[in-house]
Structures are given as C-alpha cells and as structure tokens.
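Within every chain, numbering begins at 1; the chains are lettered A, B, ... in the order of the sequence lines, protein sequences first and strands thereafter.
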There are 4 protein chains.
Amino acid sequence: MAIEERKLKEKLQRYNAILDAAEKIMKASGVYNLNMDLVAKETELAKGTLYLYFKSKEEILAALSIKSRNLLLTHFEKSTLNIDNPIEQLKAIAFASFNFFKKYPFYFELIAIYEVNNKLEETAEIQKSINKLINFVNGITIKAKEKGLLNIDLDPIQYTFCLWGMLIGMSQLVKVRGAVMEDYLGFTEKDIINTFMIQLEMGMKK
Amino acid sequence: MAIEERKLKEKLQRYNAILDAAEKIMKASGVYNLNMDLVAKETELAKGTLYLYFKSKEEILAALSIKSRNLLLTHFEKSTLNIDNPIEQLKAIAFASFNFFKKYPFYFELIAIYEVNNKLEETAEIQKSINKLINFVNGITIKAKEKGLLNIDLDPIQYTFCLWGMLIGMSQLVKVRGAVMEDYLGFTEKDIINTFMIQLEMGMKK
Amino acid sequence: MAIEERKLKEKLQRYNAILDAAEKIMKASGVYNLNMDLVAKETELAKGTLYLYFKSKEEILAALSIKSRNLLLTHFEKSTLNIDNPIEQLKAIAFASFNFFKKYPFYFELIAIYEVNNKLEETAEIQKSINKLINFVNGITIKAKEKGLLNIDLDPIQYTFCLWGMLIGMSQLVKVRGAVMEDYLGFTEKDIINTFMIQLEMGMKK
Amino acid sequence: MAIEERKLKEKLQRYNAILDAAEKIMKASGVYNLNMDLVAKETELAKGTLYLYFKSKEEILAALSIKSRNLLLTHFEKSTLNIDNPIEQLKAIAFASFNFFKKYPFYFELIAIYEVNNKLEETAEIQKSINKLINFVNGITIKAKEKGLLNIDLDPIQYTFCLWGMLIGMSQLVKVRGAVMEDYLGFTEKDIINTFMIQLEMGMKK
DNA sequence: CATGAATGAGACTTCATTCAT
DNA sequence: TATGAATGAAGTCTCATTCAT
C-alpha cells in the first residue's frame, strides 16, 4: 500500500500548500483581500484544483481560523506551564493573548472574524477548536474555584466565557485604537493592558 | 420663505428615508449585504438620486453608525440620570450597553463594525461621535476617582477605554455565543452578564 | 425700452459667465473633464438655468471653440500687420500658430478637437469661424501667388488648407511628443519648429 | 503536446475574435463608442471572459492601435521596396500614408488618437510601435542626407518627426474637411494631397 | 426666467464557482 | 485527479438632461 500512502501524503502536502498560500496572501494584503485567483497563482495550482481540497473559499478561511486557535492554545499552554497558582495562570493567559495578537495580528483577525461577522457559518470543526480553547481556560478557572482563590460569586464556566469576551474586546481595542491612544492620549498599549490586568486581577480574586 | 423651508424639510425627509431603507435592508439581510440597488428599490428612488444625498455607500453606513452611537449615548445618559454614586453610574452604563445591544442588535453591529474592520475609513464625524461616548463615560470615571471610589491603581481615561473594550467584547460574545451558551451550557445571557458585572464591580472598586 | 435693454445685457452677461466658468474648469482639469455640475457650481447658477443659455454641453464647447478660433485670428492679424511680403506673412502666421498654441494650450485643444473628433457635430457657426481663419490666410496666399512669389505649381486655396493641416499636425506633434524629443532625442521644441519652418519656406517659394 | 498547441491556438483565436469584434463595433459607431457590453454581445462571450484576455478596455484599444501601426509599417515597407532614391522613398511613404488612411480610416483614428488625446496612457509597447515607424522613416531620411539629396539645413531625425506630424495633420484634414472641400471648393482629396506633395518635395530637396 | 431635485441608462470591473476535457 | 477557460451576476458610481414648481 505504499502507493496509496504516498498519494495520501501528497494530498496532505497540497492541502497545506493551499493554506500556506492563503496565509501568505492575507498577511500581505489583508483578510478581506484573499481571492481564489491569488491562491491559485501562489500555489501554482489550477483554480479548479483548489476546489478539490476545499469546498469553498470560506472553508479555507475556516481551516486557517482553526489553525490560529490551535496555535493560540499552545501559547496558552506554554504560558501556564511553570505556574502553580491558577489565578496567576489566568493572568498569564491574558498576557499570552495580548502578546499573541500583537505578534500575529493576522491570526487574531482570523480568530476574531468568527466572533464578529455572523455572515460566516461556524462549522462543527470551528466550534470544536473554540471549545478546546475554552475548555483549557475553564480547567484552570475551575481549579481556581476549587482552591478557593476565585471570587466566590463567580461561576467558573461563565467566568471563562467572560474572560474570553474581554480578551477579544481588549485586543480589538488595542488594535484599532492603539495608535490614537499613543498619539493623542499619552499612554501606550502597554499602559492600557496593564490597567486592564489590574482590574482583571481585582475582579477575579476572592 | 415658507417654500424654502418646506423644501428643506422634504430634503431631510428623503435623507432619512434613505437611511431608514438602508436600516431596514441591513436588519433583514445583514450589514454586509447592503447594496445601492436594494436601497434604490426600497426607497423607490433612482440610484442616481441616492448619490445626491450620500457621496457613497460608505457614507450611508457612516451616518447610521453615528446615529447608533448618538442613540447609545442617550441611553447612557438616561441610565445614569437618577444615580449619584459614580461607581453605580458606571455599572448602569454597562447594563445600558447590554440592554441596548440586545434591543437593537443592528445598531450594535453598526457601532462595532468600526471597532473591528479597519477597511472602513473613520471620518472626523465618526471620531467625534466616538469621542462623545468616551468623554461621557470618562467624566464619570474621573468623578469616581476624585471621590476616591475607584481603585487607586486605575487611571481614569485608561480605565474608560478598558470599559469600552470590555463592553464591546462582551456584547459580541453574548451576541455570537449566546445561543450556544443557552442551549448547551445551561446558563443564560443574563447569567453571564451578571457574572461579568460582578467581576467588573470588584475590579473597579477601591 | 431701457428695461428690455438691461435684460438683454444681463442675459449676455450670464451667457459669458457660463463660458468663462467652463473655460476655467477645463483649464484646470482638462477638456474632457468638463461637466455641467461643475459649471453650475462655478457660475452659481442652477443646472437647469444653463440649459436656458445653451441647448447642450456640446454647445458650450462649440462656443468656446469659436471664441478660440477668433482669438487665433486676431493673433494671425497682428502677426502680419507690419509685414509686406506675403511669403513672410505666411511664415509669420506659422510662427504665430506655434506661439499661440504654446501660450494657450487649452485654446489649441478646443480648436483641434473639431479637427479630430468626428463625434462632435460641426454647426454652421463653427464652420463660419473656421472659414474666417481659412479666408484670412487664403487672402495672403492669393496675394503671394499674384505677386509671383508662390511656387507656381501650388494652388492658393489648396495650399492654404495644406498649411492649416500641417500647422495643426505640427502643433499636436510638439504638444504630445515635445517632452520625449527633449528628453531622449536631444533637440527642443524650438529646433523642430525651426526645421519645419525651413522646409515650409523652401516648399512654398518659387 | 498536440493538445496544448491546440489550446494555445484557440486562445489566440479568442484574443483575435475580441479584437475583431471591437474593431467591428468601432467601425460602426466610432472609436469613442466602444464598450465592453457591446464587445461581449458581439463575441458572444461573457463580459468577465473579456477580462481574461484584456486587463481593461483601454488595453483593447492599445492592442488595436499597435496593430494599426504595424500594418501601416508594412505599407511603408512595401511602398518603398522597389525605389532606390531616398527622396522618392519618402514621397512614397507620404503617399502610402494617405492611401492607408483613406482605405482604413478606422486604423488611422486608432493611430491618431494617441497623437492627440493625452488622457490615454502610452504603454511601453505602444511607444515601441511608434518608434518602429519613426525609425523606419528616419533610416530613409538619414540615407537621403548622406547622399546629399536632403536640404542641407534639415536635420534628419527632426525632419522625420516633422514629416510624421505633417502626415498626421494632413490626413486629419482630408478626413475631416474632405467632404467640404469637394462639395464647396471644387477640388478633390487627390488635388490637395497632390498640392501637399509638391510642397513636400520642394521643401525637402536640396 | 430660474431652480435644482430626480432620473436612469450606462460604464467598468471583480470573483466565487463550474464543468468539459 | 487536475486543469483553467468561461461564466454572469453583482456591485459602485457618473452625468447629461428633464420637468414640476
């Protein structure tokens, strides 16, 4: 079955090549400027071939969005690795978010787009990737609760969602209004993130 | 000058008719599906006529977005009217946001779109409407600080922006994930808003 | 009848104001960018009013074109005033053309457009203004012939037309290719005009 | 590779079909009335398909303009083939121009449009086609100079440009004023061309 | 006479998707 | 599987001219 294996491998390579191309294009010209002609040119595949690997343009977006979330998850994991205190872990996650979104604005867009634009259909797979993120964070929140470190009035799963919502919101704020804040209001991205972190810590602690 | 007056009035009516039509269309098929043909059909005006009132499609969006922000501002104002304590006022504003966005999801989208999509140009007028909102909230935050009610580590203007970011983020969360939460996780929008409010209050207080 | 007189005068003033406005606009943004909205704004008249003075946009163009030709005619007249020899007069006319077109590129365009674009209808009045020019030149050509100064094989009226054709062609050449000639070929507008004049003189003399 | 070959051939055929259609349309309704809807209808292709072959409407115009110039060049070449004397060759070229422009008034328009309308961008390829024409003529002018047949005061390259300018101007004249001359002035196109040729010969000879 | 709001036919271009080979 | 030519609906915007007041 070596032949089949090789074929499978080749298929996977193509699949990834398409994703890479789409990513490269979007990084260069923005998420909204992706189009299938560009992907075809970049991959040196025929346009029709793209549709053998992805049912639609939207599916490419979805795949990249999932990839982004998985990447974010690994960042979350790394950031909490050497920390014991769940509260500190949650704070580390918040920091990791901001760093991630600052470092990879493009991945942020791909994650946020599904939190915003309800024109895009959320498939089961996207849901799954979201859930993985939420579950990871929620595991920590639950631990915090169990250890009595979390404000007693906060329900873990609900708080986890709050955290996610706040992080997305704050990241957008920094992204869209960051320049204005620095230019006209005299404080930096770091400052506002710091301010947010203070209120976050105060808000979650017992 | 009765004639001139009447003409002016008629012009304003047309202007509003166009906005109303655009609003109706977007409510029905989403903010991203607005197009000038539809507006023309809905208003029963010629396409060219639309361009006498708005220089571009984007200008229609901008006008509605400003309208939305102004409306939100009046909700903020009303919600704080009979409250003395600035902290309670800030909480009232948070509640007002959620209510507003629940009641007018469409207006929320029109506000949020400029906080998200950096393809849309922000004109001076849009900026102004944003500033009006921010300034209103900031006035209260400052008062809270002056009265020693705000956490001493929080800078008022920075905290105001944080609040705005969190509110937008939480509103999106509720909007996009509300159904999932209710269907699969066993808590309601109200619950999560409540959870958020708890952490908010704890986070901002001294 | 003082009232009627004044009204007539006012009408003429409006008529000229429209032409002036059109001229100003075209000078600023090119012959092809004239549009009635711009003219209305510049004259501070209503768009409908323009149509009381000119049947169409094309008629404005025609009027200005006639004006241009009349102006060119006066330049021809002046240039020949103090010259006796008809041959020298014809040369003076050629020089006057180049100078005029260099000084008023806009008027040149308005004249040339009717020599080129057969989409534009030539009214009787335009014809008349052309004829005035041709006749003026032709008068000189005839004199040259009578005095035995013109090449015997050249028919005056035919030669006059040739002259007109060559002058328009050479002016266009200088206008369109002038920059290229100076930048890449090492000779100036003056040079090529000079070369043309040499061949012109040799070609017409006995 | 027969398949690839055939495909290439078909592509070329489509390309030419589009050009032919554009040509037909322009012949019928004028150069300025070309539009993509008409081309689509005439070729029985979808509008989008046209854009697979030409990036824009202007590119169709450019392609036809180049084609016209190349065709004119072959006429120049043929017309000089059996002539030794460079002066006679230049005269032959002038005649060839008039014949060509009489025979293909449409091609003339496509050439002249770039000599007149500075709204159209001249691409490198258009420049090249112009240069080919100029160079061909200039080669002969130089030869004439070398053989001492050209008026000693005329610089070859400058004279070549003059010739081009005069020919375009005269062709326009004949085209636009031809009818008038025949109807009211009692001489024919041939007559005036003849007159021009006389002055041309006299003007260039030593 | 004057107004200026309204018209609506165009015009160009883009792009996700299909399908015959 | 792979190709890539073809599709055609969709979309934004312009502007000369008209006409009711």
Side-chain angles (χ1 to χ4, degrees), chain A residues 7 10-11 14 32-41 43-61, chain B residues 3-4 6-8 10-11 13-15 32-40 43-60, chain C residues 7 10-11 14 32-41 43-61, chain D residues 3-4 6-8 10-11 13-15 32-40 43-60:
Chain A
K7 275 193 180 175
E10 273 177 16
K11 238 188 133 167
R14 285 258 162 106
Y32 288 94
N33 282 4
L34 183 72
N35 76 48
M36 298 302 266
D37 277 276
L38 253 40
V39 178
K41 198 170 285 175
T43 53
E44 295 185 327
L45 291 172
K47 242 195 299 188
T49 308
L50 303 178
Y51 283 85
L52 297 175
Y53 293 86
F54 295 91
K55 265 210 302 289
S56 68
K57 176 184 158 181
E58 209 173 310
E59 214 176 60
I60 295 180
L61 243 59
Chain B
I3 286 179
E4 269 193 24
R6 203 199 53 208
K7 275 194 178 173
L8 221 70
E10 273 176 17
K11 244 189 127 165
Q13 275 173 354
R14 275 258 197 281
Y15 179 92
Y32 289 94
N33 280 19
L34 182 72
N35 78 52
M36 298 304 264
D37 276 279
L38 251 39
V39 179
T43 54
E44 295 187 325
L45 290 172
K47 243 189 296 185
T49 307
L50 304 178
Y51 283 86
L52 296 177
Y53 291 87
F54 296 91
K55 269 209 297 288
S56 67
K57 174 185 156 181
E58 209 172 310
E59 210 175 275
I60 295 181
Chain C
K7 276 194 179 174
E10 274 177 16
K11 240 187 130 166
R14 285 257 162 107
Y32 287 94
N33 282 5
L34 183 72
N35 75 50
M36 299 303 266
D37 277 275
L38 253 41
V39 178
K41 196 170 286 176
T43 53
E44 295 185 328
L45 291 171
K47 241 194 300 186
T49 308
L50 303 178
Y51 283 84
L52 297 174
Y53 292 87
F54 294 90
K55 266 209 303 286
S56 68
K57 176 184 159 182
E58 208 174 311
E59 214 176 59
I60 295 180
L61 242 60
Chain D
I3 286 178
E4 269 193 26
R6 202 199 53 209
K7 275 194 179 176
L8 221 71
E10 272 177 17
K11 245 189 127 165
Q13 274 173 355
R14 276 258 196 281
Y15 180 92
Y32 289 94
N33 281 18
L34 183 72
N35 78 51
M36 298 304 265
D37 278 278
L38 252 39
V39 178
T43 52
E44 295 187 324
L45 291 170
K47 244 191 295 185
T49 308
L50 304 178
Y51 284 86
L52 296 177
Y53 292 87
F54 295 92
K55 267 210 297 289
S56 68
K57 175 185 157 181
E58 209 172 311
E59 209 174 275
I60 295 181

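Straight-line distance from the CD atom of B:Gln13 to the P atom of E:dA6: 11 Å, rounded to whole Å. Rounded to a whole Å, the NZ atom of B:Lys11 is 15 Å from the P atom of E:dT3. Computed from coordinates, the B:Tyr51 OH to E:dA9 P distance equals 16 Å when rounded to whole Å. As rounded to whole Å, 19 Å separates atom P of E:dT3 from atom CD of B:Glu10. With rounding to whole Å, D:Asn35 atom CG is found 18 Å from F:dT14 atom P. Atom OH of A:Tyr53 is separated from atom C1' of F:dA2 by 9 Å (rounded to the nearest Å). Per the geometry, NZ belonging to A:Lys47 stands 13 Å off P belonging to F:dT7, to the nearest Å. Taking atom CD of residue B:Glu44 and atom C1' of nucleotide E:dG8, one finds them 15 Å apart after rounding to whole Å.
The 5' end of DNA chain E is approached more closely, in terms of each residue's nearest nucleotide, by C:Leu50 than by the other of C:Leu50 and D:Leu34. Checking B:Leu52 against D:Ser56, the closest nucleotide of DNA chain E that is more toward the 5' end is the one next to B:Leu52. Place D:Gly48 and C:Lys55 on DNA chain F by their nearest nucleotides, and D:Gly48 ends up nearer the 5' end.
Scanning both residues, D:Ala46 and D:Ala40, for their nearest heavy atoms gives C-CB, 4.4 Å. Between B:Leu38 and B:Asn33 the shortest heavy-atom distance is CD2-O, 4.0 Å.
Listed candidates were E:dT7, F:dT12, E:dA16. Nearest to the side chain of B:Ala46 is E:dT7. Of all nucleotides listed (E:dC15, E:dC12, F:dA2), E:dC12 comes nearest to the side chain of D:Met36.
Looking only at side-chain heavy atoms (C-beta outward), A:Arg14 and A:Leu52 stay at 4.5 Å or farther from each other. Within the 4.5 Å cutoff, side-chain heavy atoms of C:Lys11 are placed close to those of C:Tyr53. Proximity of A:Ile60 to A:Met36: side-chain heavy atoms (C-beta onward) are separated by under 4.5 Å at one or more points.
Under the Watson-Crick or G-U wobble criterion, with both distances below 3.5 Å, E:dA2 is paired with F:dT21. Nucleotide E:dC15 has F:dG8 as its partner under the Watson-Crick or G-U criteria, with both atom distances under 3.5 Å.
Taking only side-chain nitrogens and oxygens, D:Lys7 never comes nearer than 4.0 Å to OP1 or OP2 of E:dT21. Remark: A:Thr49 is in phosphate contact with F:dT3, judged by side-chain N or O atoms under 4.0 Å from OP1 or OP2. Listed pair C:Arg14 / E:dC1 fails the phosphate criterion, with no side-chain N or O lying under 4.0 Å from OP1 or OP2.
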